[in-house]
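First the proteins, then the strands, lettered A, B, ... as listed; each starts at 1.
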Amino acid sequence: MSLSEKIVKLDSRYVWLVMIVMYAIPIVIPLGIPITVYENTRTLYNRIDELGPDDIILCEYGISLRYLSGMEAGSIAMTKHMFSTGVSIVFYSIDPEGPAFYGRIMGTVKPEESFGVKYGEDYVYLGYIAGQETAQVAMMRDIWGTVSIDNFGNKLEDLPLMANVHSVDDVDWLMAIRLYGDQGEGSVRAYSITGGLMGDKAWGTYSSGGIVATLQPFVHSGHIIAAIGGITGGAEYENISGFLGEGLQGTDITSMTQMYMLFLIIVSNIAYFTSTLGGKGKER
Amino acid sequence: MSILKGPSARITVMAVVAIAVILDLFVDIPPFNDAVGVITTWGVIISGFMVFLGGLYVVRFQLKHVINRSPDQWYYSVWTILILVITFAFGFASLYVPGVKDSYSVFTSDIFGPLSNSAWAIIGFFFASALFRAFRGKNIYVAVFVVATAFQIFENAPVGPIIHPALPLIALWIRNVPNVAGSRGIVIGTAIGIIASGFRTIIGAERRGAMEEGGE
Amino acid sequence: MTMANDIILLLGAFFAASFMSYLYRDNIFFKFSEHTLVGVRMGIVMLVAYQSIVSSGFIPLAAGRWEMLIPLILGFLVFTTFSKSLRWTSVYPSSIIIGIGIGLALRGAILAQFIDQITATIKPLLLEQGALATLDILLILVGTISSLSYFIFTKEHTGSFGFLTKIGRIFIMAAMGVSLGKRGLSFLSPAIGSMQALLTSPGYYVAAVAVILVIVDINRTRTRKNA
């Protein structure tokens with residue numbers, strides 16, 4: 001068997017073993033590779049930075065914890081930035097793991113201690129609302145008709161912030177920190193069409209890496225102002241906002257593993273085409 | 001009673017609701033809009049029950065293994081049901097028993113979080129072996145696919161601009177131009193599909209899934 | 001660091017090692033962790049669903065909104081799927097959900113996914129801009145039309161139409177490639193947390209035990225093969 005054929009038929013466990021090494025190196029020896037902040041992140045940052053104490057925003061807030069290590073750092077940076085502008089925030093979740101995510105992020109952000117805000121007056125968390133797109137539309141139309149208590153059992157009447165927030169007409173913007181199961185179209189339909197949040201009021205989102213590509217047509221058409229994703233998007237946001245956290249170590253690992261992916265693609269293609277399998281056009 | 005059991009009644013309910021929701025966006029009659037708003041809230045409540053039902057289905061599935069003593073499985077099923085009940089009870093107690101809320105919060109964020117995250121960790125390894133095995137530019141289409149993926153790697157990795165500053169810029173161009181064009185075609189095609197299948201369902205031409213009696 | 005914190009970190013490392021052990025082979029630690037995940041997740045999901053029902057349904061009902069009885073009764077009908085004789089009633093709440101879903105999808109799709117996307121493709125052509133930007137817009141226009149034509153299955157993809165669909169296929173493959181490339185980011189990032197858990201204190205004790213167990217198993221398998 002030639003070297004090319006050996007590579008083509010290589011046991012996956014060797015590939016995985018090298019990959020474990022790629023993950024381990026930056027943890028043991030931090031590389032400190034500098035981050036480049038791209039336009040999407042800058043646009044989102046500037047939009048959030050324009051908010052102030054007179055503004056109220058809705059924030060769909062909740063990612064499935066399976067992507068915790070990829071999105072935690074960016075979510076923390078974004079949350080801190082929102083609080084730092086003085087904007088009032090109404091958080092809610094469409095993902096069942098949203099409350100767990102909220103607890104984890106707020107446990108790190110500590111808004112009362114770090115930003116002097118007060119729960120109920122400056123921010124509230126309405127908890128998980130079932131129904132995906134139905135829930136999003138219900139929130140756009142009538143928040144008080146959709147939920148009657150927050151995640152901690154407090155009635156909406158007892159939360160001073162909620163006195164002035166009844167529907168999307170009472171808010172200035174919307175930010176979604178979430179994962180998308182449906183390529184994002186449902187959220188565009190709910191927020192942009194029902195909620196009217198497009199053009200000048202186009203909403204922003206931070207999600208997993210993959211959705212950034214599929215949401216690009218909606219960014220282009222003005223439904224979404226900016227979509228950033230994944231651990232790299234989060235690290236860029238940490239960098240530009242100044243709220244540095246654990247994103248940097250994650251991006252070192254990302255660099256190593258992504259380059260390894262590229263190496264695998266190049267090597268497997270060279271091996272395939274130089275081996276008898278590729279030459280004779282046979283399928284493996 | 002047989003009318004209520006048949007498909008006509010169910011399709012009528014579904015069609016009336018669907019048409020009302022569609023018209024709501026284009027018609028400005030406050031009582032009608034308010035009624036559709038109320039129906040949307042009903043959807044939220046019913047969805048909550050359906051999510052709860054999903055959990056009960058998991059219990060039923062695991063119970064079958066326990067009752068049938070499925071070899072090499074039944075004791076895992078016992079554990080699954082046990083931990084499900086304990087988690088639910090713990091969370092339920094956190095809502096109504098003072099002092100439990102903080103412990104439950106630690107449980108969900110610091111124990112469940114890493115548990116869930118770890119489960120998905122192996123996906124990356126399978127992705128790597130999939131790239132290694134299947135990502136071969138056998139024809140022009142797959143070659144375009146592979147090249148587009150490869151360039152995104154240079155944008156994903158912070159080391160990309162260090163290798164060459166042009167690489168992530170090319171990746172951004174691919175994302176903002178060919179990707180938008182291709183994705184837009186898919187989005188418009190999907191929209192046409194949604195419109196077509198939506199109308200088929202409203203007029204009763206679609207009889208699959210939940211439209212059939214006991215559809216699961 | 002408190003003892004409780006150490007225990008939580010050790011537990012995280014244990015789960016990380018258990019799931020990653022599947023890369024070696026299926027084993028009891030992986031199965032145990034997998035079933036723990038399913039059980040815990042469903043427990044959490046059922047709880048938040050309960051909270052959502054209470055917040056949206058029971059509390060307003062208790063406050064005097066009697067119309068909430070209708071969705072609550074419909075919601076309970078959902079559980080009749082477990083009964084063969086009453087199962088037929090469970091389709092009504094499904095019908096309402098499907099009706100709402102179709103209505104929202106249809107009205108949104110017509111506007112956001114159809115009209116607005118077509119407008120966004122054509123409108124930039126009418127604006128004044130530089131040569132490169134115009135080239136990009138023309139490329140998007142050609143790409144959108146050609147990739148849409150690929151989905152026309154009522155006409156054979158031959159001749160000049162076939163050439164158009166081939167161009168469309170290239171744009172679609174480019175979009176798929178970009179999506180997979182970005183998705184790679186999200187596939188690879190969960191392992192970052194696992195590896196950090198295993199390579200930092202106190203997780204490296206768990207990692208060491210896991211490595212020893214794997215080496216013992218490899219030796220045992222080799223011995224069995226040789227025997």
Side-chain angles (χ1 to χ4, degrees), chain A residues 13 16 20 23-24 27-28 66-72 93 96-100 126-131 133-134 137 145-149 151 155 185-186 188-190 192-194 198 208-214 216-218 220-223 229-232 249-250 253-254 257-258 261, chain C residues 20 23-24 41 44-49 51-60 62-63 65 97 100-101 104-105 107-113 116-117 119-121 123-124 140 144 175-200:
Chain A
R13 284 182 288 191
W16 296 337
I20 289 173
Y23 274 109
I27 294 172
V28 173
R66 64 180 188 262
Y67 286 124
L68 189 64
S69 53
M71 291 181 62
E72 186 175 18
S93 300
E97 292 178 34
L126 301 178
Y128 166 70
I129 305 161
E133 192 178 341
T134 307
V137 168
T146 306
V147 295
S148 45
I149 54 172
N151 190 56
K155 288 192 183 153
E185 291 137 3
V188 172
R189 291 193 296 256
S192 301
I193 303 305
T194 304
M198 47 188 183
S208 63
I211 205 66
V212 170
T214 47
Q216 212 54 34
F218 297 109
H220 194 256
S221 58
H223 293 94
I231 193 167
T232 323
Q249 188 182 54
I253 300 170
T254 302
T257 51
Q258 292 285 313
M261 295 299 110
Chain C
M20 286 185 66
L23 297 173
Y24 172 59
R41 185 172 193 272
I44 290 172
V45 166
M46 288 170 79
L47 182 78
V48 295
Q51 283 180 277
S52 177
I53 295 165
V54 165
S55 173
S56 303
F58 283 110
I59 291 180
R65 287 182 59 190
I97 294 289
I100 295 171
L104 293 176
R107 70 187 209 181
I110 292 169
L111 290 168
Q113 291 173 243
D116 287 351
Q117 293 304 311
T119 311
T121 309
K123 204 169 162 190
I140 290 174
T144 306
M176 298 285 106
V178 170
S179 180
L180 186 71
K182 298 307 284 183
R183 226 166 265 277
L185 202 55
S186 41
F187 289 150
L188 295 172
S189 54
I192 293 173
S194 293
M195 292 301 295
Q196 285 172 331
L198 288 169
L199 293 176
T200 52

Report the option among A:Val28, A:Thr194, A:Ile211 that has the most heavy-atom pairs separated by less than 4.5 Å from atoms of chain C. A:Thr194
Taking side chain as everything from C-beta outward and backbone as N, CA, C, O, which of these in C:Leu104 sits under 4.5 Å from a heavy atom of chain A? Side chain, backbone, both or neither. both
Strictly distance-based, threshold 3.5 Å: is any side-chain N or O of C:Ser52 a donor or acceptor partner for the main-chain N or O of A:Ile129? no
Residue from C:Gly101, C:Pro124, C:Gly57, C:Ala105 scoring the most non-hydrogen pairs under 4.5 Å with chain A is C:Ala105
With side chains defined as the heavy atoms from C-beta onward, is the minimum distance between C:Leu188 and A:Tyr23 less than 4.5 Å? yes
Is any side-chain heavy atom of A:Arg189 closer than 4.5 Å to one of C:Arg107? no
Turns out that what part of A:Met198 lies under 4.5 Å from chain C's heavy atoms comes down to side chain
Could you look at A:Thr134 and say if it's the side chain, the backbone, both or neither that has a heavy atom under 4.5 Å from chain C? both
Identify the two heavy atoms, one from C:Gln51 and one from A:Asn151, that lie closest to each other, and give their separation to 0.1 Å. NE2-O, 3.6 Å
Is a side-chain N or O of C:Ser56 found less than 3.5 angstrom from the main chain of A:Thr146, in a donor-acceptor match? yes
Using non-hydrogen atoms only, which part of A:Arg66 is less than 4.5 Å away from chain C: side chain, backbone, both, or neither? backbone
How many angstroms lie between atom CD of C:Gln113 and atom CD1 of A:Ile193, to the nearest 0.5 angstrom? 9.0 Å
Against chain A, work out which of C:Ala120, C:Ala175, C:Pro190 has the most heavy-atom pairs shorter than 4.5 Å and name it. C:Pro190
Go through the atoms of C:Ala63 and report whether side chain, backbone, both or neither lie under 4.5 Å from a heavy atom of chain A. neither
When the side chains of residues 192-200 of chain C are checked against the rest of the protein, which donor-acceptor pairs come out under 3.5 Å, sequence neighbours left out?
from: C:Gln196; atom 1: NE2; to: A:Gln249; atom 2: OE1; distance (Å): 2.4
from: C:Thr200; atom 1: OG1; to: C:Gln196; atom 2: O; distance (Å): 2.4

Relative to chain C, which segment of A:Glu72 carries a heavy atom at a distance below 4.5 Å: side chain, backbone, both, or neither? neither
Using a cut-off of under 4.5 Å for heavy-atom pairs, which of A:Ala24, A:Gly222, A:Ser69, A:Gly98 has the most such pairs with chain C? A:Ser69
Assert top hit (heavy-atom pairs under 4.5 Å, partner chain A, pool C:Thr121, C:Val45, C:Leu185) equals C:Leu185
Among residues at least two apart in sequence or on other chains, which ones pass side-chain contact (heavy atoms from CB on, under 4.5 Å) with C:Ser55? A:Val147, A:Ser148, A:Ile149
When rounded to the nearest 0.5 angstrom, what distance separates CD in C:Gln117 from NE2 in A:His223? 6.5 Å
Look up atom OG in C:Ser186 and atom CD1 in A:Ile231, then write down how far apart they are to the nearest 0.5 Å. 11.0 Å
Side chain to side chain contact (heavy atoms under 4.5 Å, CB included) between A:Val137 and C:Ile100, intermediate numbers included: CA-CA 10 Å; A:Val137 168; C:Ile100 295 171; over 6 Å; no
Looking only at A:Gly250, A:Gly131, A:Gly209, A:Gly70, most heavy-atom pairs under 4.5 Å shared with chain C are made by A:Gly209
Which bit of A:Pro217 comes within less than 4.5 Å of chain C, counting heavy atoms only: side chain, backbone, both or neither? both
Separation between NZ (C:Lys182) and OG (A:Ser208), nearest 0.5 Å, reads 10.5 Å
Contact origin within A:Ile20 toward chain C - heavy atom pairs under 4.5 Å: both
Can you name the nearest heavy-atom pair linking A:Ala213 to C:Val178, along with the distance? CB-CG1, 3.5 Å
